[in-house]
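Before any comments, here is the structure.
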Amino acid sequence: MPRDTLSITDNRTGKTYEVPITHDTIRATDLRQIKVNPADFGMVSYDPAFNNTASCISRVTYIDGDAGILRYRGYPIEELAEKSTYLETAYLLLHGELPTEAQLKDWTYHVTHHTFIHESIKKFLDGFHYDAHPMGMLISTIAALSTFYDDAKDIFNAESRKKQTFRLIGKMPTLAAFTYRHNLGMPFVYPDNDLSYPGNFLNMLFKTSESKYRPNPVLERALDVLFILHADHEQNCSANTIRGVGSSHVDPYSATAAAIAALYGPLHGGANEEVVHMLNEIGSVAKVPDFIKRVKAGETRLMGFGHRVYKNYDPRARIIKKIAYDVFDLMGKSPLLEIALECERIALEDDYFVKRKLYPNVDFYTGLIYQSMGFPMTMFPVLFAIPRTSGWIAQWEEMLLDSEQKIARPRQIYLGHDTRSYIPMEART
Ligand code: ACO
């Protein structure tokens, strides 16, 4: 008679244990009963980098990496990219349902009316070198927001969380644009509440002497779709970070700053910058085969390829490839596009990549689009951090309200020295 349990026989003792299976999962703590002696700590599972460990129950985002499926709250990413806006998608991620017309209006109003930042943050930004990396500035200024909003510490108050959410989603583009203007030595441009979320971001980035900035609708929509595609991606490195840091019950600004720091790494949100460096290094289509040889020899990686979860074409990469052409039609083709296409063509046919299921990920083409839109490479991860804020907050809130969650604290397998006596300096070799 089939049962939803797993029987485990410990061959050290010959004992058999039966543990329940729920959602194809066993609880790691059920392994603790497996002991040789009653005084033993009990069995633990070892899973560096969480390759096969679920750290939470989530209802936000679903990915099927083998099938190349991504859904936010059940809605396929392709449909959202075609029909939704970033702000509507952010509402969906945070509230679990698409908003009614009135809810969307209210949500947009509140996000839009939290875009201004305290003037002191400008002074704070002025302290950075002219060439400071915008991600470093963004991490610092987001963390600094916690010093302005003391009410943010009240994390179990739903009203407070709502307010910090408006602030975080509203202020992120402002801070991001200010870091860009700081690098250029140009005056900061204040938010324009008449414009859409991406339109206002473009305004704060690129407005010069015109009295009213009017964003190009193609770029505005392209940016909005890119924001939708980057809004969440379940338990990735930065989502895991915000959950882990947030589990100490720190305020959401400090937790978001930690998530941005995680995103900054070249194996995560920094990958799109690395793709452009790589394409520049390759230099020409003719040199692609040689580069691929080096990748296969293990000397370097094909950046923008491969993913911990997707073992198929990243569904976001397909949509992004289309946006790339919309932007190139307007702004001119990136000279690196041909090199990227050749890398993709060879990699998709090559046994090394096919065997390892390495396909283009979201970062393979975004760098080229951002470059064509006029962004410097240092801004690429910032463009990822802005939309990911809604996903981070959705993950953070879900963690906070989950009664099973506690402060994140993994176990270790200690293989260091056993106890030993202190050696005085003169006796050390
Ligand atoms: N180029 C060449 N080989 C690769 C690549 C790559 N981009 N990615 C993985 N491999 C190879 C590895 O060398 C390894 O080969 P082996 O089995 O012979 O040792 C095999 O494929 C498995 O690789 P892992 O590193 O074990 O895969 P993991 O799931 O840990 O890594 C990661 C995923 C970090 C994304 C990896 O594919 C990578 O470094 N890609 C390049 C960086 C990148 O594009 N990152 C962006 C990810 S998307 C995002 O964060 C938004």
Q. Is E344 paired with K321 through a side-chain N to carboxylate O contact shorter than 4.0 Å?
A. yes
**Q.** Set of side-chain contact (heavy atoms from CB on, under 4.5 Å) partners for E397, sequence neighbours left out
**A.** R161, L401
Q) Just wondering, are more than 12 heavy atoms of other shown residues or ligands nearer than 6.0 Å to CZ in F148? A) yes
Q. Where does the angle between the aromatic ring planes of H233 and H307 fall among parallel (under 30°), tilted (30 to 60°) and perpendicular (over 60°)?
A. perpendicular
Q: State which residues pass salt bridge (charged side-chain N to carboxylate O under 4.0 Å, His left out) with D224; sequence neighbours excluded, sorted by chain then number.
A: R221
Q.
Please check: side-chain N/O of T179 versus main-chain N/O of A176, any donor-acceptor pairing under 3.5 Å?
A. yes
(Q) For K311, I'd like to know if atom NZ has over 12 heavy atoms of other residues, nucleotides or ligands within 6.0 Å. (A) yes
(Q) Donor-acceptor pair, distance only, cut-off 3.5 Å: does the side chain of Q103 make one with the backbone of T100? (A) yes
Q. Which is it for E82 and K322 under the salt bridge (Lys or Arg N to Asp or Glu O under 4.0 Å) test, yes or no, and what are the steps along the way?
A. CA-CA 12 Å; E82 193 191 331; K322 190 192 159 296; over 6 Å; no
Q: Check whether NZ of the Lys or CZ of the Arg R356 lies under 6.0 Å from the centre of the six-membered ring of Y352 and within 45 degrees of that ring's axis.
A: yes
Q. Would you call the rings of Y91 and W107 parallel, tilted or perpendicular if under 30° counts as parallel and over 60° as perpendicular?
A. perpendicular
Q | Between T112 and N193: side-chain donor-acceptor atoms closer than 3.5 Å | A | no
**Q.** Donor + acceptor pair across side chains of T115, T174 (<3.5 Å)
**A.** no
**Q.** Aromatic plane relationship, Y149 with Y253 - under 30° parallel, 30 to 60° tilted, over 60° perpendicular
**A.** tilted
Q: Using a 4.5 Å cut-off on heavy atoms from C-beta on, say whether the side chain of C343 contacts that of L302.
A: yes
(Q) Classify the ring geometry of H230 against Y370: parallel below 30°, tilted from 30° to 60°, perpendicular beyond 60°. (A) tilted
Q: Return the set of residues passing side chain to side chain donor-acceptor pair (under 3.5 Å) with S120 (not counting sequence neighbours), or none when no residue passes.
A: H118
Q: Anything under 30° is parallel, anything over 60° is perpendicular, the rest tilted; go ahead and classify F206 against F375.
A: tilted
Q. Under 4.0 Å between a Lys/Arg side-chain N and an Asp/Glu carboxylate O for R3 and E18?
A. yes
Q) Quick check: does any side chain N or O of R71 sit under 3.5 Å from a backbone N or O of I77, one acting as donor and the other as acceptor? A) no
Q: Report the residue from L226, L383, N272 that forms a side-chain contact (heavy atoms from CB on, under 4.5 Å) with I369.
A: L226
Which atom pairs, donor and acceptor, lie under 3.5 Å between side-chain atoms of residues 125-137 and protein residues at least two apart or in another chain?
from : atom 1 : to   : atom 2 : distance (Å)
H133 : ND1    : M135 : N      : 3.0
H133 : ND1    : Y264 : OH     : 3.4

Q) Does CZ belonging to R294 count more than 12 external heavy atoms closer than 6.0 Å? A) yes
Q: State whether a side-chain donor-acceptor pair under 3.5 Å links S238 with N236.
A: yes
Q.
Taking the six-membered ring for Trp, are F364 and F305 closer than 6.0 Å centroid to centroid?
A. yes
Q: Might you work through the side-chain contact (heavy atoms from CB on, under 4.5 Å) test for L145 and T256, ending with a clear yes or no?
A: CA-CA 10 Å; L145 289 181; T256 302; over 6 Å; no
**Q.** salt bridge (Lys or Arg N to Asp or Glu O under 4.0 Å) between D151 and R167, intermediate numbers included
**A.** CA-CA 12 Å; D151 58 328; R167 286 176 174 150; 3.3 Å; yes
Q | Ion pair check, E398 and R243, cut-off under 4.0 Å | A | yes
Q: With sequence neighbours excluded, tell me which residues meet side-chain contact (heavy atoms from CB on, under 4.5 Å) with S403.
A: none
Q) Do D154 and S160 have side-chain atoms, one donor and one acceptor, less than 3.5 Å apart? A) no
Q. Just by distance, with hydrogens left out, do S390 and Y86 show a side-chain donor and acceptor under 3.5 Å apart?
A. yes
Identify all side-chain donor-acceptor contacts of residues 405-414 below 3.5 Å with residues at least two apart in sequence or on another chain.
from : atom 1 : to   : atom 2 : distance (Å)
Q405 : NE2    : S55  : O      : 3.2
Y414 : OH     : H417 : N      : 3.1
Y414 : OH     : H417 : O      : 2.6

Q: Starting from the C-alpha separation in whole Å, work towards a yes-or-no answer on ring-ring contact (aromatic ring centres under 6.0 Å, His included) for F156 and H249.
A: CA-CA 9 Å; F156 288 107; H249 292 177; 4.9 Å; yes
